[in-house]
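Taking it in order: structure first as structure tokens, then the write-up.
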There are 2 protein chains.
Amino acid sequence: MGRWEPDAKGRLERAALELYAERGFDDTTVAEIAERAGVTERTFFRHFADKREVLFRGDELALLVVDALKSTPADLSPLDAVALALESTASFFDDRRPHSKKRQSVIDANPALRERELIKLASMAESVAHALRDRGVSDPAAGLSAEAGIAVFKVAFERWLDDRAERSIAVHIREALAELKSVTS
Amino acid sequence: MGRWEPDAKGRLERAALELYAERGFDDTTVAEIAERAGVTERTFFRHFADKREVLFRGDELALLVVDALKSTPADLSPLDAVALALESTASFFDDRRPHSKKRQSVIDANPALRERELIKLASMAESVAHALRDRGVSDPAAGLSAEAGIAVFKVAFERWLDDRAERSIAVHIREALAELKSVTS
DNA sequence: GTCTATAGGGCGATAGAC
DNA sequence: GTCTATCGCCCTATAGAC
């Protein structure tokens with residue numbers, strides 16, 4: 001066993017989510033998060049670029065999606081491929097429903113956190129567009145398929161959170177995709 | 001004539017854009033913007049919630065779009081109605097091409113500003129979705145049409161900025177819409 | 001690990017318009 | 001008198017610099 005308790009990063013993430021939920025994002029200081037996690041303020045900023053980032057696991061989801069996109073059948077349309085890649089991340093969500101709900105209610109309660117969430121989705125859209133171009137999809141189809149795919153994901157995620165039946169997010173992605181197709185035809 | 005020069009808000013907007021372009025967003029202080037505009041720092045914060053907001057005219061665009069959506073033929077599909085409403089804002093953009101380009105290069109150079117831009121678009125999507133529901137469009141079609149419409153707008157705006165031929169943004173909106181329809185069919 | 005500049009909020013004062 | 005725009009000063013926490 002080392003000089004310090006292990007998993008400082010995870011402790012900071014948990015402490016932050018708890019405090020943001022208890023007293024609100026604005027009324028929580030980094031010092032309080034660090035204290036609850038048993039580290040110094042400086043350590044917080046070594047793990048996370050800013051106070052918001054502690055709720056977002058960097059590029060983890062975007063990397064998952066791009067990676068899944070690569071293993072997707074080449075004969076699928078770009079949009080179908082994106083939707084399938086998104087579906088393949090289902091367990092990332094389905095395994096953490098309660099955590100996701102708590103996290104989302106914290107995010108929804110604060111404009112600054114909503115901004116950060118949106119830029120994560122936008123940068124995921126960019127990564128997906130890039131991956132589609134690598135697949136041979138040309139512009140503007142690549143950009144539009146990526147944006148449309150993210151729109152599908154947004155709607156699906158929201159419905160997944162509210163789903164009393166707790167069906168997999170994959171189901172909601174499929175439904176939202178079908179709905180998008182009907183709306184654009 | 002009053003005690004102060006008129007249009008403090010406009011002077012602050014112009015001073016901010018100039019300074020952000022000259023030395024970058026991070027290296028510009030609110031004190032410098034205020035000084036150039038001939039007001040105090042405190043006045044800046046009475047007009048704008050934060051240092052980013054000075055580049056975004058509140059809800060102006062969203063209000064234009066929602067308003068235009070109301071005057072749109074009732075027999076159009078939700079997505080076509082949104083696209084038409086977006087087209088009707090063309091002069092808002094076409095009349096300010098140089099300003100838009102300068103502003104956009106400042107925004108693109110800074111992640112914090114990109115975040116703010118995204119939340120403006122997202123809240124425009126929400127307003128549009130709401131307006132569609134008022135028109136009788138049910139969920140999830142309303143949400144998806146709104147998101148898809150905003151995706152069309154994003155792509156169109158980008159292409160409008162890069163268009164050497166300087167065609168109206170309305171042309172780019174029509175093209176992007178057609179492309180989206182082809183990609184989802 | 002320590003130091004510091006700056007964002008941004010609170011509150012009261014001032015002075016013109018009406 | 002009220003309303004509104006501006007200023008001044010004080011404060012704390014963030015986040016970057018050293």
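By convention in this document, chain letters (A, B, ...) are assigned in the order of the sequence lines, proteins followed by strands, and residues within each chain are numbered from 1. For the numbers below, each heavy atom of this structure counts, side chains included, while hydrogens, waters and symmetry mates do not.
At the heavy-atom level, A:T43 lies nowhere under 4.0 Å from the strands shown. No contact: B:A31 has no heavy atom under 4.0 Å from any strand.
The side-chain hydrogen bond (donor to acceptor under 3.5 Å, both in side chains) test with A:E115 singles out one residue from B:K120, B:R114, B:R52, and that residue is B:R52.
When distances run from any side-chain atom of B:R42 to the nucleotides D:dT14, D:dG8, C:dA7, the shortest one goes to D:dG8. When each of D:dT14, D:dG8, C:dT2 is scored by its nearest atom to the side-chain atoms of B:T40, the top-ranked nucleotide is D:dG8. Taking only side-chain atoms of B:D50, from C-beta outward, the nucleotide of D:dT14, C:dG8, D:dC7 with the closest atom is C:dG8. If you check C:dA7, D:dA15, C:dG9 against the side chain of B:K51, the one that comes closest is C:dA7. Checking D:dT6, C:dA7, D:dT14 against the side-chain heavy atoms of A:V30 singles out D:dT14 as nearest. Nearest to the side-chain atoms of A:F45 among the listed nucleotides D:dA15, C:dA7, D:dG8 stands D:dA15.
As a whole-Å value, the separation of B:E41 CD from D:dC9 C1' is 12 Å. To the nearest angstrom, P of C:dG8 lies 15 Å from CD of B:E32. Taking atom CD1 on B:I33 and atom P on C:dA7, their separation rounds to 8 Å, with Å as the unit. Separating the CZ atom of B:F48 from the C1' atom of C:dG9 is a distance of 18 Å, rounded to the nearest angstrom. The CD-P distance, from B:E35 to D:dC7, rounds to 13 Å in whole Å. The nearest whole Å value for the distance from the CG atom in A:D27 to the C1' atom in D:dA13 is 12 Å. Rounded to whole Å, the distance from CG on B:D26 to P on D:dT14 is 18 Å. Counting to the nearest Å, the P atom of D:dG8 and the CZ atom of B:R46 are 11 Å from each other.
Within 6.0 Å of CD in B:Q104 there are more than 12 heavy atoms belonging to other residues, nucleotides or ligands.
Residue B:H47 places none of its side-chain N or O atoms closer than 4.0 Å to OP1 or OP2 of D:dA5.
Relative orientation of the B:F153 and B:F157 rings is parallel, given thresholds of 30° and 60° on the angle between their planes.
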**OP:** Report the C-alpha separation of A:D67 and A:L63 in whole Å, then their side-chain angles, then the decisive distance to 0.1 Å, and conclude whether the side chain to side chain contact (heavy atoms under 4.5 Å, CB included) test is met.
**Re:** CA-CA 6 Å; A:D67 204 59; A:L63 291 174; over 6 Å; no

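Salt bridge status for A:R11 with A:D7: absent, with no side-chain N to carboxylate O gap under 4.0 Å.
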